[in-house]
Amino acid sequence: MSEDILFQPSTEVQNVAHVKSMKQYDEMYKESVENPEQFWGKIAEKDFFFKSPPISGKFLNYNFDVNKGKVFVEWMKGAVTNVCYNVLDRHVENGKKDKVCFYWEGNDPDDYSEITYGNLYKQVCKFANVLKSLKIMKGDHVAIYMPMIVELVVAMLACARIGAVHSIVFGGFSSDSLAERIIDGKCCLLITADGVYRGKKLINLKDIADGALKLCKEQNFNVKNTVVVRHLGPSAPLSGKKPTSPAAKRPCTSLTTNITEGCDLWYDDLMADASEECKPEWLDAEDPLFMLYTSGSTGKPKGVVHTQAGYMMYAATTFKYVFDYHDDDIYWCTADIGWITGHSYITYGPMANGATSVLFEGVPTYPGPERCWQVVQKYKVSKFYTAPTLIRTLMKYGEDPIKRFDRSSLKVLGSVGEPINPEAWLFYHKVIGDEKCSIVDTFWQTETGGHTMTPLPGCTPTKPGAATFPFFGIVPVLMDEKGKIIEGEGEGYLVFKQPWPGVMRTVYGNHPRYEQTYFTQFPGYYKTGDGAKRDKDGYMWITGRIDDMVNVSGHLLSTAEVESALVEHEKVAEAAVVSLPHKIKGESCYCFVTLIDGFDFTSELVTDLKSAVRTKIGAFAQPEVIQNAPGLPKTRSGKIMRRILRKIARNDHDFGDVSTMADSSVIEVLFANRPTTN
Ligand code: 7RM
């Protein structure tokens with residue numbers, strides 16, 4: 001049904017858009033895929049600063065085909081640039097010194113501040129000097145575990161300025177997860193904050209960070225220093241905060257921060273003596289910019305590596321076109337910088353364009369469900385970017401908290417993180433956008449660096465739930481399991497045929513895993529791991545992950561990761577986790593556990609196991625259901641049959657062919673054991 005409804009782009013957006021018609025899109029797209037060097041070469045020249053420009057004829061070099069040797073991608077190798085210079089110095093030098101870069105909006109609505117490009121530039125230079133004083137150099141890896149505060153942006157850009165590689169770990173991860181990422185990423189410094197409020201909940205980040213470093217030490221991996229931002233602490237003279245800022249009112253009496261003399265260093269102490277002058281380190285276009293861990297279907301997270309110039313250019317160009325960015329826009333992305341969405345569309349993309357953004361620390365439904373629209377009204381937000389899970393949450397509260405606020409500034413509404421169901425899409429369009437905004441459903445991944453399948457808000461007629469067409473440079477192909485190309489209408493694996501500037505370059509420390517995960521099943525193509533459907537009009541609809549991944553509120557988890565957290569419990573012999581559709585979260589985890597003989601399945605155990613997953617991974621990963629599974633459905637070779645478990649989780653008795661199953665009597669037992677609640 002939603003396949004047949006077409007929504008025309010907002011005329012207000014279209015009138016001023018960078019791309020005003022599908023004809024113009026088609027022409028630009030054609031050039032971008034047939035002559036990428038020319039297409040991206042013009043952008044590199046016009047929109048960015050290179051100390052030494054891309055070398056003509058050597059603009060793009062790659063091999064996507066595992067059968068032809070090592071897989072690699074290089075854009076503009078040999079060119080010299082600095083991403084920090086491009087997102088800060090360039091604007092300061094071009095008269096944007098006093099333009100607001102971020103409106104910082106704290107957890108509590110009366111806690112806010114702003115910082116200009118000029119002031120952010122100074123803070124970044126100072127912190128870059130702090131990093132140097134701690135002996136951090138080009139090529140060193142720095143772990144960042146911070147809340148959504150200006151200092152997080154300062155820390156990442158200071159790394160970029162000196163050529164250090166940042167590895168940001170989302171502040172919702174546990175000590176275990178943080179430790180695993182610090183060790184795997186070989187980080188030599190940790191930057192964190194004392195604590196943060198998420199809604200009413202106080203989170204002692206420094207304690208979690210300490211726990212992680214203790215685990216690192218136990219595995220003989222020592223991180224010498226931790227830099228701690230005093231965010232809730234009593235004397236918090238923070239960057240970018242106006243003297244009148246209500247920061248002092250932050251309720252912080254219940255927070256104690258343990259400081260180890262000699263190892264832990266307060267950010268504000270270090271900054272006090274730092275110089276405001278710091279020359280950028282000039283880097284090769286293909287030097288690494290950052291790594292960011294993402295779940296892998298084996299359970300061990302992968303350090304996705306992005307490099308300098310290609311990533312910068314792709315994040316900036318997608319931002320410009322997908323949000324149809326103009327100088328007077330106020331842009332707000334509700335994601336956390338700890339995820340790729342925040343890297344590309346809070347820091348690098350918007351700042352490369354010199355945009356003014358809202359940097360939001362809080363929870364979008366705190367103190368009440370009207371918070372988002374209060375913020376939109378307060379800053380006159382024109383471009384807004386969020387996840388379907390938030391839209392579905394807001395739908396529960398009805399239209400009133402939305403309609404009470406002036407949203408007339410809104411022009412483009414973006415969606416990211418998971419497939420958006422047509423109902424949520426229509427609510428976004430009709431209620432939130434008052435039927436006058438363009439909706440852009442943007443499909444992309446940590447690995448892709450930026451948007452890959454998306455409408456453009458000034459030209460693409462949209463369908464509720466469709467990611468529509470490829471961005472410039474992306475050549476999507478649908479394939480069946482065996483690698484046969486599906487033309488026209490059909491459904492299959494979504495793969496991309498040729499490299500775009502933002503594609504990841506390697507898995508940190510494990511290039512074979514990069515080749516194996518993304519390039520082996522379909523030689524010559526990048527495999528997204530998602531399925532997609534092409535309809536009769538050529539529109540693309542993302543159907544979701546094909547591998548063993550669960551997408552909980554836009555956070556990608558591997559079932560293997562959750563399983564390993566469960567089997568670590570002393571009473572658990574075996575665990576199998578499948579995804580279950582969830583009204584708000586999109587998907588949730590349904591866990592089957594087999595206990596070791598002699599233990600009983602009790603409600604205490606269920607509570608214990610849920611908390612084990614929280615501790616091992618993070619609160620967002622907490623399972624929805626844990627069910628007793630005296631036996632699991634297995635093939636004769638011992639493989640767990642998740643297809644059957646998915647049916648049991650859904651209470652669907654139509655489980656098809658069970659001929660390969662070793663003992664089909666377990667199915668009945670599992671249906672009988674389904675809990676009503678948990
Ligand atoms: C940006 C981000 C990537 C996975 C991806 C998909 C799913 C993301 C959409 C989507 C349908 C979308 N990076 N996904 N966006 N599915 N429509 N618009 O989320 O690395 O964290 O996750 O998220 O399954 O493979 S991510």
Carboxylate-amine/guanidinium contact D434 K403, below 4.0 Å: yes
- prompt: In terms of side-chain geometry, is the basic nitrogen of D324 or K411 positioned less than 4.0 Å from the acidic oxygen of its partner?
  reply: no
- request: Over 60° means perpendicular and under 30° means parallel, so classify the ring planes of Y331 and F319, tilted if in between.
  value: perpendicular
Pairwise distance CG(D441) to CE(M453) - rounded to 0.5 angstrom: 10.0 Å
task: To the nearest 0.5 angstrom, please state how far the CH2 atom of W339 sits from the OG atom of S344.
output: 14.5 Å
- prompt: With no hydrogens and no angle check, do the side chains of Y397 and E370 hold a donor and an acceptor under 3.5 Å apart?
  reply: no
message: In terms of relative ring orientation, are F170 and F173 parallel, tilted or perpendicular, with 30° and 60° separating the classes?
response: perpendicular
message: Return the NE2 to OG1 distance between H451 and T317, rounded to the nearest 0.5 Å.
response: 12.0 Å
field: Residues which pass ring pair (Phe, Tyr, Trp, His ring centres under 6.0 Å) with H326, listed by chain and number, not counting sequence neighbours
entry: H18
statement: The residue among Y379, W332, Y112 that forms side chain to side chain donor-acceptor pair (under 3.5 Å) with E105 is Y379
task: Could you walk me through whether S558 and M549 pass side chain to side chain contact (heavy atoms under 4.5 Å, CB included), step by step?
output: CA-CA 4 Å; S558 77; M549 302 285 252; 3.7 Å; yes
field: Flag for S408-D406: side-chain donor and acceptor within less than 3.5 Å
entry: yes
statement: Only residue of Y325, Y314, W444 satisfying ring-ring contact (aromatic ring centres under 6.0 Å, His included) with Y345 is W444
task: Quick one: pull up CG in D176 and CD1 in I208 and give me the separation to the nearest 0.5 Å.
output: 11.0 Å
query: Salt bridge between D194 and R230, side-chain N to carboxylate O under 4.0 Å?
result: no
- prompt: What distance do L557 atom CG and R545 atom CZ have between them, rounded to the nearest 0.5 Å?
  reply: 11.5 Å
task: State plainly whether the residues K99 and D328 are in salt-bridge range, i.e. N to O under 4.0 Å.
output: no
- request: Inspect the contact between K585 and E624 and indicate whether a charged nitrogen and a carboxylate oxygen are less than 4.0 angstrom apart.
  value: yes
query: Looking only at side chains, do T386 and Y428 share a donor and an acceptor under 3.5 Å apart?
result: no
message: In this structure, is the centre-to-centre distance between the rings of H343 and Y348 below 6.0 Å?
response: no
message: My understanding is that only residues two or more places apart in sequence, or in another chain, count here; which of them pass ring pair (Phe, Tyr, Trp, His ring centres under 6.0 Å) with H91?
response: Y117
task: Would you mind reporting whether Y293 and S167 have side-chain heavy atoms less than 4.5 Å apart?
output: yes
task: Of all the heavy-atom pairs spanning T543 and A532, show the shortest one and how long it is.
output: OG1-N, 3.5 Å
task: Decide yes or no on salt bridge (Lys or Arg N to Asp or Glu O under 4.0 Å) for K96 and D327, but give the supporting numbers first.
output: CA-CA 11 Å; K96 277 191 175 172; D327 222 20; 3.2 Å; yes
task: Would you kindly say whether T454 and Y321 are connected by a side-chain donor-acceptor distance under 3.5 Å?
output: no
query: Can Y121 and T116 be counted as having a side-chain donor-acceptor contact under 3.5 angstrom?
result: no
query: Atom NE2 in H166, atom NE2 in H306: separation rounded to 0.5 Å?
result: 10.5 Å
